[in-house]
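Positions are given from 1 along the sequence.
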Amino acid sequence: MAGGKNLFKIFMLQIIVLSLFSLHAEGQGLKVGFYKKSCPQAEVIVSKVISDVMAVAPSLSGPLLRMHFHDCFIRGCDGSVLLDSPTNQSEKFSPPNLSLRGFNIIDRVKVALEKACPDVVSCADIVALVARDVTVATKGPFWEVETGRRDGNVSLFIDPITPVTGLPSFTSNISVLKQSWALRGLSTKDLVVLSGGHTIGISHCSSFDSRLYNFTGKGDTDPTMDPNYIARLKLKCKPNDQTTFAELDPGSFKTFDDSYFKLVTKRRGLLQSDAALLDDPETRAYMIQATSRGSTFFKDFGVSMVNMGRIGVLTGSQGEVRKRPSCSLFKLGVLIYLWILILRLKGH
């Protein structure tokens, strides 16, 4: 009986999170050029900082692009992934976010914007603009970023690892991936297009070593993976290696291109979630199309990034504009949020 009650509470928590999450899921209040009057140089300032950073640290392009995804998929695109916590209980410290890098770059952009236009540009918008600019800096597509987001002041360690509503795992199958995207109002096409962001960046061996050494618990390898690719990866990644990393798109991991799709279709996707894209007719067909002469991947990527950038946004009088990305009324926000959950679970 107690176990049933606990399962019911977990279910109710997920429903509440989803209901709060979807209040502004359509991106109402966002528009291109939101800061045209209040901070006309905002996008130029962001672009200049990112250009300077990419000139000396191009490896940050992947993590900074991924940061936008990690932010939007939890509580919406509200900058909550940036928040610090004195007890390490914010999203930033949750296991799926421990591999994120570049928080100092967001801080650097914010400092430049505060100098030009104090208390105007939100951290959530900075994350979205930075994601576009690192893509362009790595020879990827340009798209017009809708702005006008406000910053949230709640960030919970548990959210990214909550079943169903948390961040999809690198071991997720295609059904789980499609469900995760659908929960956020994104399509199967958005899923495969945004997965193409893996054309830049790296992944630690610990994220895929089970595919090399112990796929089903019997010391075997993943049969869906190219054996020659497995052999190459074994030279780099030894069992239980927690520190070494591999390129998601070997040979061009610092360049935004379509080679990710070529690798996956040749059964050389590094992560299980990459390989899973071959298990659905729609995602598989897109990957084949993305490697053809008539590929629309670059254009599609911009469209899907705009779609993702509309998830659960706070606009107008909602939220706040934080002066520093890592600071907000975090404790107060958590207490209010938890009190709402308690009242709802009690039936008030």
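Inter-residue side-chain proximity for R310 and V306 is flagged as met; some heavy-atom pair is nearer than 4.5 Å. A heavy-atom distance below 4.5 Å is found between the side chains of S38 and Y35. Counting only heavy atoms from C-beta outward, the side chains of M54 and L60 approach each other to under 4.5 Å.
If you chain together ILVMFWY residues whose side-chain heavy atoms come under 4.5 Å of each other, F208 ends up grouped with F170, L212, Y213, M225, Y229, I230, L233, L248, L270, L271.
Applying the side chain to side chain contact (heavy atoms under 4.5 Å, CB included) rule to S59 yields the partners R101; only residues at least two apart in sequence or on another chain are considered. T255 pairs by the side chain to side chain contact (heavy atoms under 4.5 Å, CB included) definition with K139, S252, D257, not counting sequence neighbours. Not counting sequence neighbours, S206 has no partner by the side-chain hydrogen bond (donor to acceptor under 3.5 Å, both in side chains) test. By the disulfide (SG to SG under 2.5 Å) test, C77 is found to be paired with C72, residues two or more places apart in sequence or in another chain being considered. N104 meets the side-chain hydrogen bond (donor to acceptor under 3.5 Å, both in side chains) test with no other residue; sequence neighbours excluded.
Checked by atom type and distance alone, the side chain of D279 never pairs as donor or acceptor with a backbone atom of I174 at under 3.5 Å. When atom types are taken as modelled, the side chain of D241 and the backbone of T244 share a donor-acceptor pair closer than 3.5 angstrom. Remark: side-chain polar atoms of D133 are not paired, donor with acceptor, to backbone N or O of I50 under 3.5 angstrom. In this structure, K92 contributes its side chain and V81 its backbone to no donor-acceptor pair below 3.5 Å. Under the 3.5 Å distance criterion, the side-chain polar atoms of D190 are left unmatched by any main-chain donor or acceptor of L194. With hydrogens and angles disregarded, no donor-acceptor distance shorter than 3.5 Å links the side chain of S51 to the backbone of S47. Side chain of S172 to main chain of P168: no donor-acceptor pair is present (N/O by atom type, distance under 3.5 Å, no hydrogens or angles). Using modelled atom types, one side-chain atom of T135 and one backbone atom of A131 make a donor-acceptor pair closer than 3.5 Å.
Among residues at least two apart or in separate chains, disulfide (SG to SG under 2.5 Å) pairs with a member in residues 127-206 are C205-C237. Judged as a side chain to side chain donor-acceptor pair (under 3.5 Å), the pairs with a partner in residues 262-272 (not counting sequence neighbours) are, in order, D226-R268. Listed by first and then second residue, the side chain to side chain donor-acceptor pair (under 3.5 Å) pairs that reach into residues 105-114 are K110-E114, E114-K323, sequence neighbours excluded. Sorted by first and then second residue, the salt bridge (Lys or Arg N to Asp or Glu O under 4.0 Å) pairs with a member in residues 283-303 read K189-D300; sequence neighbours excluded. Within the structure, salt bridge (Lys or Arg N to Asp or Glu O under 4.0 Å) pairs that include any residue of residues 207-217 comprise R211-D222 (at least two apart or interchain). Sorted by first then second residue, the salt bridge (Lys or Arg N to Asp or Glu O under 4.0 Å) pairs that include residues 36-56, not counting sequence neighbours, are E43-R132, K48-D52.
With 3.5 Å as the limit, one finds no donor-acceptor pair spanning the side chains of S155 and R75. A donor and an acceptor atom, one from each side chain of H198 and D249, are nowhere located under 3.5 Å apart. Checking S295 against D258 by side-chain atom types alone, no donor-acceptor pair falls below 3.5 Å.
Salt-bridge formation is not detected for the pair R150/E320: no Lys NZ or Arg NE/NH1/NH2 atom is positioned less than 4.0 Å from an Asp or Glu carboxylate oxygen. Salt bridge annotation for D280-K178: present, with a cationic side-chain nitrogen under 4.0 angstrom from a carboxylate oxygen.
Aromatic rings from F73 and W181 are positioned such that their centres are separated by under 6.0 Å.
Atom CG of N240 sits in a sparse spot, with 12 or fewer heavy atoms from other residues, nucleotides or ligands closer than 6.0 Å.
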